[in-house]
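Remarks on the structure that follows.
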Amino acid sequence: MLLLTLLFLPLFSAIVLQFLSGELVKKIALFLSLIPLGLSLYMAFNFNCPCMDGQLAFNQPWIESLGVNFNLLLDGTSLLLVLLTTVLTPLIILSSFKHDYENPSRLYALIAAMQFGLLGVFLAHDCFLFYVFWEIALIPVYFICGIYGGEGKEKVTLKFFIYTILGSLFMLVGILYVYSKSKFGADFSYEAIVASGSALSISEQTFVFVMFFLAFAIKMPIFPLHTWQPDTYTVSPTVGTMLLSGIMLKMGVFGAIKWLKHIAPDAFIAYAPYVVVLSVIGIVYASILAIQQSDAKRLVAYSSIAHVGLIAAGVFVNSNLGSEGAVVQMINHGINVVGMFFILDIIERRTKTREIASLGGIINSAPIFAVFFVIIMLGNIALPLTNGFVGEFMLLKSVYDFNVWLGALAGLSVILGAVYTLRTYQRVMLGDSNALTATFPEVTTSEIIVLLVISFLVILLGVFPQVVLQLI
Amino acid sequence: MIALVTLSIAGLFSMVSGIFNINVKAVIAVLALLLAGSAGFLLLNGDLNLDWDEAIQSMVHFDGFAIFFTVLIVALSTTVLLLSEHYMAVTEKYQGEFLSLVVFSAVGMICMVSFADLSMLFIGIEIMSVPLYILAGSNKRNLLSNESSLKYFLMGAFTTGILLMGVTLVYGATNSFNTQMIGSAIAAGNASPLLFLGVFFLIFAFSFKISAFPFHFWTPDVYQGAPTWITSFMSTVVKVAGLAGFFRLFSAFFVAGIPQNIQLSLAIIASITITIGTISAVFQTNIKRILAYSSISHAGYMLISIVFVNKLYASTLLYYTLAYSVSSLALFGVMMTIESKRGSIQNMDTFNGFAKKNSFLAFVAALALISMAGIPPTSGFFAKFSVLKLTVDSNYLWLAIVGVINAIIGIFYYFKLIISMYFKQAEENDAFVYNNSIVYNFVLVLLVVVIIGAGVFSDLIIKSF
């Protein structure tokens, strides 16, 4: 029952928020998003306690004629991603407080609806249900980017939408195919689909693998299916970018770990090397492109491709270390990237520009802001004792074990990452102030809260990675 | 039977209402009550058990299939009648007559979904079609409307000939008009080759009625020219009746399973219909033409349930027709509102910035489009899913892939409209204020509830069948 409450609370908030108006909407949205946070924290602290027996799963027939059950399951990995979602959503809402969006009730309703879809994806333990939530999560973010986005949003968001739905529909074919081969009673439950999928011959599994892989690879995105991503991140409003990069791309990684790996196990082993190679190419390619960007938001978008490339490589090397590293890094990347985009948002809102070249010397007028920037930046380049280090180390080690040369190439990402991140910091924050940055106002209370929470998480998960590791 | 009688009486009442100067709103209210009442009665109690049932049993037979489709057709017709507000506002004369033609057309459809004899099928199709020829041209001062009516009439009359030819050939091969007898003759395997020629003629005739390839060419012109209210009727209720009649005919003919060659031909027709509808829609700019092509493509998806015709799959067809019709009607409902203020709707730009002007109507339209594009959790998704599941279950994987690829292309033009409404700015001189009567908005809310509710609780509908 607890799970059901957790899942449907955001949907309820979305409906409530839709009918509100006025200044108070922001605060109500924040308040409503804190309830799922509290609930999920409660579940996390009592995760191994016997009092939670029967609370971590929910199963109820839904569409019996199709063999679909409303089956939810909370295990370690999904708990972490649920926590990521419930922690980031209030932060994202809080980060938008300084913006004056037109028709804010619609924006916050969409964010809540998005949270509903995301939680569903991470909780679903039925293939059909998983697909339904996978799609539900896409619609709100499409509207967020389309309604509140910047220049050229119509084309960019349509490309994004068609790209991702293309992948999903192929996944649908894959699901139907596995289902049709099912000899274990006609239903879509995780167990039945996995049993049916793993019993297929290698050529049939290849088909299934490709169908699922397309969906997940586009969402992550893995090179060369990433072309929708930089444009979409740049054009979207910061809330949309945070939702996309912080949480939504984890759907792809999560799907690969939970579903793809088990539905087509033989094909997964057979084709994983190619995917690892693609991921490593993506890491190097995106890092090099990131160095050349002049638009800070675009730079972070490319750096996100590089980071996710490493995560994907960890998933597909198919070792325990790799998958654990991937889960850890998913959480850390979610926190760091939201932090980075928020910092850029603060800068852009004050100076009206994202051009790195036209900024500089912000540290002189906003020293507190600079401290937060340093912490989040260090997390992003994976300095020891920050959260990024733990995950990145595990992932690099797993790729290195898989193939030394690929490991070395992937290691480049750390160096290149340091290059573009530090350079950005240097050119934006240090140096002489110019007309744009001389009067840069210091961060306000609501901004400090967001930055404080993110910095706290960066350091906490860097010093005590067991918090995350023990749950996997 | 009860619906057949009630609707005939309701039609007659509406026809004479003009003579007694009864207000058109009162007429619509009475019609809606009668229709909704008979649909509700059928749904709750099944049909009346009358003494003379035996006598007409060989002509019309109200089994479960007939009752469910009758309910659907009558309910959808009621919705169409309630959405006639804007059409009636610009029609000066013969309002009662036009309403009665819609009701009479629905009477024909009830014959089409309940027939047990080929002659009854023929009569049903004609009763349905003749009012449509008139209605398509009901805006008589508009050239396009005239063209639409003439085109539809000529093609329709031609198809009637083909239909009759098919009936004759089937009769010649099996010695009977009764579908059950024909079914057993086919199952016995001693029918002459003429039978298959007859069956193909019947396929052609039905292809015309549901606008499937290769008889779909009339659709865009007729849909564009006819008044939008009539288009909404033609693209939903008429299509439902055509497909249900088609399904009933073939499920009675091929009791022991559909022959391979016919199945393959139908599968090819379905796949081409889907593809042509989808791809042509991409290149259209006029909204009514886009919807016409989209309705062709949806007809292709619905045709898939006939490819694997089997009494068990009737629920799939029922569900798809329901999902498609409510989504289309919701969209047409919004379009008619816009049209009533602007005079006509042409291209996408008409919808620019619509979400800011009336967020309720924009939401209805967006939801309808999302449902037509087949995205969860709307009923359109579950409909498409159950059709695709049929193809995979029957080892027609290629048909599933055709369906999926076209679903992706479909999103492209459905979402163009959403982009116009939500993402684009309205033109500066756009000062239109859109409003509807309470009843009209209530119907739209009801449609929204069905679009989502039928999706989330699809089991209730599929299982109750």
Side-chain angles (χ1 to χ4, degrees), chain A residues 11 18 61-68 70 102-103 105-106 116-117 120 128-129 131-139 142-149 153-159 161-182 186 188 207 211, chain B residues 312 315-316 319 355-356 359-360 362-363 366-367 370 373-378 381-382 384-397 400-416 418-424 455-465:
Chain A
L11 181 66
Q18 181 62 51
W62 183 24
I63 311 175
E64 276 178 75
S65 48
L66 296 177
V68 176
F70 202 89
E102 187 183 349
N103 200 345
S105 56
R106 184 185 280 153
F116 168 67
F128 186 88
L129 196 63
Y131 179 79
V132 169
F133 279 119
W134 179 272
E135 297 278 46
I136 290 180
L138 178 61
I139 306 286
Y142 169 68
F143 277 99
I144 291 175
C145 300
I147 297 176
Y148 302 99
K153 59 188 180 177
E154 287 100 5
K155 276 211 172 122
V156 171
T157 47
L158 190 63
K159 182 178 174 188
F161 192 76
I162 294 208
Y163 227 120
T164 42
I165 209 135
L166 184 87
S168 332
L169 284 171
F170 279 117
M171 175 163 80
L172 184 63
V173 175
I175 294 173
L176 277 168
Y177 185 75
V178 178
Y179 170 76
S180 74
K181 300 280 175 190
S182 170
F188 284 94
F207 176 73
M211 293 288 131
Chain B
L312 296 173
S315 58
T316 310
Y319 188 73
K356 285 207 190 88
S359 56
F360 166 66
F363 171 74
L367 190 73
I370 287 176
I375 293 169
T378 54
F381 163 71
F382 290 90
K384 229 167 226 169
F385 181 82
S386 44
V387 163
L388 290 180
K389 187 163 161 285
L390 274 191
T391 62
V392 178
D393 280 348
S394 321
N395 268 324
Y396 268 79
L397 198 62
I401 291 176
V402 170
V404 165
I405 290 175
N406 281 293
I408 297 165
I409 304 173
I411 287 166
F412 182 71
Y413 57 81
Y414 290 127
F415 272 68
K416 270 207 284 198
I418 292 186
I419 290 173
S420 293
M421 288 192 299
Y422 279 92
F423 304 169
K424 289 193 176 160
V456 178
F457 302 105
S458 53
D459 211 33
L460 284 178
I461 295 167
I462 297 174
K463 264 206 306 201
S464 66
F465 191 80

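A, B, ... follow the sequence lines: proteins, then strands. Residue 1 opens every chain.
- In this structure, no portion of A/Leu138 lies under 4.5 Å from any heavy atom of chain B.
- Proximity to chain A is limited to the side chain of B/Leu397, based on heavy atoms less than 4.5 angstrom apart.
- Of the two parts of A/Tyr148, neither the backbone nor the side chain holds a non-hydrogen atom closer than 4.5 Å to a non-hydrogen atom of chain B.
- The line from CD1 of A/Ile162 to CZ of B/Phe412 is 6.0 Å long, rounded to the nearest 0.5 Å.
- Side-chain contact between B/Phe363 and A/Gln18 is absent, with no heavy atoms from C-beta onward closer than 4.5 Å.
- The contact between B/Leu388 and chain A is made by backbone and side chain atoms together, counting heavy-atom distances below 4.5 Å.
- Aromatic rings of B/Phe385 and A/Phe128 (six-membered ring for Trp) have centroids within the 6.0 Å cut-off, being under it.
- In this structure, A/Leu172 CG and B/Lys389 NZ are separated by 12.0 Å, a value rounded to the nearest 0.5 Å.
- In terms of heavy-atom proximity, A/Ile136 sits nearest to B/Pro376 at CG1-O, 4.1 Å.
- Neither the backbone nor the side chain of B/Ile409 comes within contact range of chain A; no heavy atoms are under 4.5 Å apart.
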request  = Apply side chain to side chain contact (heavy atoms under 4.5 Å, CB included) to the pair B/Ile375 and A/Phe161, showing each step before the final yes or no.
outcome  = CA-CA 12 Å; B/Ile375 293 169; A/Phe161 192 76; 3.8 Å; yes
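- Considering only heavy-atom pairs separated by less than 4.5 Å from chain B, the leading option among A/Val68, A/Asn103, A/Leu169, A/Val173 is A/Leu169.
- For A/Val132, the parts lying under 4.5 angstrom from a heavy atom of chain B are both the backbone and the side chain.
- If you measure heavy-atom distances from A/Phe207 to chain B, the contacts under 4.5 Å come from the side chain alone.
- The line from CD1 of B/Ile401 to CZ of A/Phe170 is 7.5 Å long, rounded to the nearest 0.5 Å.
- For A/Trp62, the parts lying near chain B are the backbone and the side chain together; criterion is any non-hydrogen pair under 4.5 Å.
- Minimum interatomic distance between B/Val392 and A/Leu176 (heavy atoms only, all atoms of both residues): CG1-O, 3.4 Å.
- Proximity to chain B (any heavy atom under 4.5 Å) is shown, for A/Ile175, by neither the backbone nor the side chain.
- Put simply, the side chain of B/Phe423 reaches to within 4.5 Å of the side chain of A/Lys153, judged on heavy atoms.
- At a 4.5 Å heavy-atom cutoff, the contact between B/Lys424 and chain A is made by backbone and side-chain atoms alike.
- Summarising the local packing, NZ of A/Lys155 is surrounded by 12 or fewer heavy atoms from other residues, nucleotides or ligands at distances under 6.0 Å.
- Between the CD1 atom of B/Ile405 and the CG atom of A/Leu166 there is a distance of 8.5 Å, given to the nearest 0.5 Å.
- Neither the backbone nor the side chain of A/Ser168 comes within less than 4.5 Å of any heavy atom of chain B.
- Rounding to the nearest 0.5 Å gives a distance of 7.5 Å between CD1 of B/Ile418 and CD1 of A/Ile139.
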